[in-house]
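Just below is one structure, and these are the notes that go with it.
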Amino acid sequence: MKPQPDLPAAAPAEDEGTPVSVKIRERLQAARRRFNANDNIADFVEPGELEKLLDEVTVKMEGVLDSLVIDTSRDHNTADTARRVAKMYVNEVFRGRYVQPPTITEFPNAERLNELMIVGPITVRSACSHHFCPVIGQVWIGVMPNEHTNVIGLSKYARLAEWVMGRPQIQEEAVVQLADLIQHKTKPDGLAIVMQATHYCMAWRGVKDMDSKMINSVMRGVFLKDANLRREFLSLIPQKT
């Protein structure tokens, strides 16, 4: 009998039974990349996987509702709640974790602008990473450009803020992330950010204080070194309420 030539080994078929969240997590771990609540993991999500992740979160949310002893099979108000919550998390309030940053067109500073520019208030919406309750507030951004600074459109500051805030966050870290991103995109002499927000983990639960707000700031470059410039920026921000 004539011997048959060796055939190349077949590539292992992808395990269709493995949850997509496990596959994404394994890629992150193989790359030694962090995947905290406020990290962006878009580089490790392959085309078509967000829809599968949405299906997976829906099933898990159905389990949560079941454990809360809610009869979703006969309660018309909660029949599709699991899917709605999954869509809200994956496609809306936590979208900043799963998608690439917005495309930002950058222009050279042809006119060599070097005067203080302030953008705001930009309304931002996020969620507390401790309780997944809403965090809603406003951001003001001050930029001191130089001749090498990249100029970006005013709406792009709002897009960048939306991308950073669209993850479970704590306010202190969110403002630093936004500052790092804008600093990288524009390379100014100075950058200042102030954020004021209501945290519904305080207003809706816990102490149930509806009036408390948190205000914090990040100062970089000349805003950190020049007290007069810092005062000018803060004085030009409309009085916060």
Side-chain angles (χ1 to χ4, degrees), residues 18-58 60-61 85-106 119-120 122-141 143 150 152-188 191-195 197 199-201 214 216-218 220:
T18 303
V20 68
S21 63
V22 173
K23 297 173 186 176
I24 296 169
R25 186 179 293 107
E26 287 175 347
R27 291 179 206 132
L28 286 156
Q29 291 171 332
R32 298 181 182 275
R33 286 286 297 273
R34 201 181 76 167
F35 49 100
N36 288 359
N38 63 353
D39 289 327
N40 177 270
I41 60 171
D43 288 341
F44 300 89
V45 179
E46 296 182 354
E49 286 188 334
L50 271 189
E51 188 62 33
K52 293 179 182 178
L53 191 64
L54 182 60
D55 293 338
E56 184 180 334
V57 175
T58 299
K60 298 292 178 65
M61 276 306 308
V85 172
K87 285 182 176 179
M88 178 185 70
Y89 283 149
V90 176
N91 295 339
E92 296 181 82
V93 295
F94 298 159
R95 179 176 172 80
R97 296 197 76 233
Y98 306 111
V99 300
Q100 296 290 347
T103 301
I104 302 296
T105 303
E106 301 169 16
V119 183
I122 298 170
T123 299
V124 291
R125 301 167 184 84
S126 189
C128 164
S129 50
H130 296 156
H131 296 94
F132 278 17
C133 289
V135 175
I136 300 177
Q138 295 178 316
V139 166
W140 291 262
I141 300 169
V143 176
N150 295 326
I152 64 176
L154 295 183
S155 65
K156 302 305 185 286
Y157 289 98
R159 295 290 185 194
L160 293 173
E162 180 183 40
W163 184 68
V164 168
M165 299 297 169
R167 312 165 196 176
Q169 289 279 14
I170 64 169
Q171 185 171 330
E172 304 95 306
E173 293 179 359
V175 172
V176 172
Q177 283 188 329
L178 181 58
D180 289 344
L181 182 60
I182 295 174
Q183 185 87 32
H184 174 72
K185 291 287 184 183
T186 62
K187 300 176 175 60
L191 176 66
I193 298 179
V194 170
M195 179 174 173
H199 291 243
Y200 284 83
C201 55
M214 179 177 178
N216 68 322
S217 66
V218 171
R220 301 272 175 86

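Numbering starts at 1 and runs along the sequence shown. Predicted model, so just to flag it, every value in this text is computed and none were measured.
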Next on the checklist: Let's go through I152 and Y157 carefully: what are the C-alpha distance in whole Å and the side-chain angles of both, what is the deciding distance for side chain to side chain contact (heavy atoms under 4.5 Å, CB included) to 0.1 Å, and is it a yes or a no?
Outcome noted: CA-CA 8 Å; I152 64 176; Y157 289 98; 3.6 Å; yes

Please report the shortest heavy-atom distance between [X] and [Y], naming the atom on each side.
X	Y	result
A86	V57	CB-CG1, 3.7 Å
I141	V143	CG2-CG2, 4.0 Å
N40	R33	O-NH2, 4.2 Å
R97	N36	NH2-O, 3.0 Å
I122	V119	CD1-CG1, 4.0 Å

Check [Y] with [X], please: is the shortest side-chain N to carboxylate O separation under 4.0 Å?
X	Y	answer
K156	E162	no
E46	R27	yes
K185	D180	no

Rounded to the nearest 0.5 Å, what separation is found between the [atom1] atom of [X] and the [atom2] atom of [Y]?
X	Y	atom1	atom2	result
D55	K60	CG	NZ	12.0 Å
I24	F44	CD1	CZ	11.0 Å
L160	I104	CG	CD1	4.0 Å
E92	R95	CD	CZ	9.5 Å

With heavy-atom distances below 4.5 Å as the criterion, would you say the side chains of [X] and [Y] are in contact?
X	Y	value
R125	T123	yes
V218	L191	no
R25	V22	yes

Checklist outcome for this item: Sorted by chain and residue number, the salt bridge (charged side-chain N to carboxylate O under 4.0 Å, His left out) partners of K187 (sequence neighbours excluded) come out as none

Checklist entry - Does the pair Q100 and D43 meet the rule for a side chain to side chain contact (heavy atoms under 4.5 Å, CB included), with working shown? => result CA-CA 8 Å; Q100 296 290 347; D43 288 341; 2.8 Å; yes

Item to check | E56 side chain to S21 backbone, donor-acceptor under 3.5 Å | outcome: yes

Next on the checklist: Applying side chain to side chain contact (heavy atoms under 4.5 Å, CB included) to V45 and V99, what does each step give before you reach the verdict?
Outcome noted: CA-CA 9 Å; V45 179; V99 300; over 6 Å; no

Next on the checklist: Test of understanding: with ring-ring contact (aromatic ring centres under 6.0 Å, His included), list the residues that count as partners of F94, not counting sequence neighbours.
Outcome noted: Y89, F132

Please list every donor-acceptor pair under 3.5 Å in which a side-chain atom of residues 166-177 meets a protein atom from a residue at least two apart or in another chain.
residue: R167; atom: NE; partner: G96; partner atom: O; Å: 3.0
residue: R167; atom: NE; partner: W163; partner atom: O; Å: 3.3
residue: R167; atom: NH1; partner: N38; partner atom: O; Å: 3.1
residue: Q169; atom: OE1; partner: N38; partner atom: ND2; Å: 3.2
residue: Q169; atom: NE2; partner: V164; partner atom: O; Å: 2.9
residue: Q169; atom: NE2; partner: Q177; partner atom: OE1; Å: 2.7
residue: Q171; atom: OE1; partner: H199; partner atom: NE2; Å: 2.7
residue: Q171; atom: NE2; partner: M195; partner atom: O; Å: 3.2
residue: Q171; atom: NE2; partner: M214; partner atom: O; Å: 3.1
residue: Q171; atom: NE2; partner: N216; partner atom: OD1; Å: 2.8
residue: E173; atom: OE1; partner: N38; partner atom: ND2; Å: 3.0
residue: Q177; atom: NE2; partner: N38; partner atom: O; Å: 3.1

Item to check | Worked check of side chain to side chain contact (heavy atoms under 4.5 Å, CB included) between L178 and V139 | outcome: CA-CA 10 Å; L178 181 58; V139 166; 4.2 Å; yes

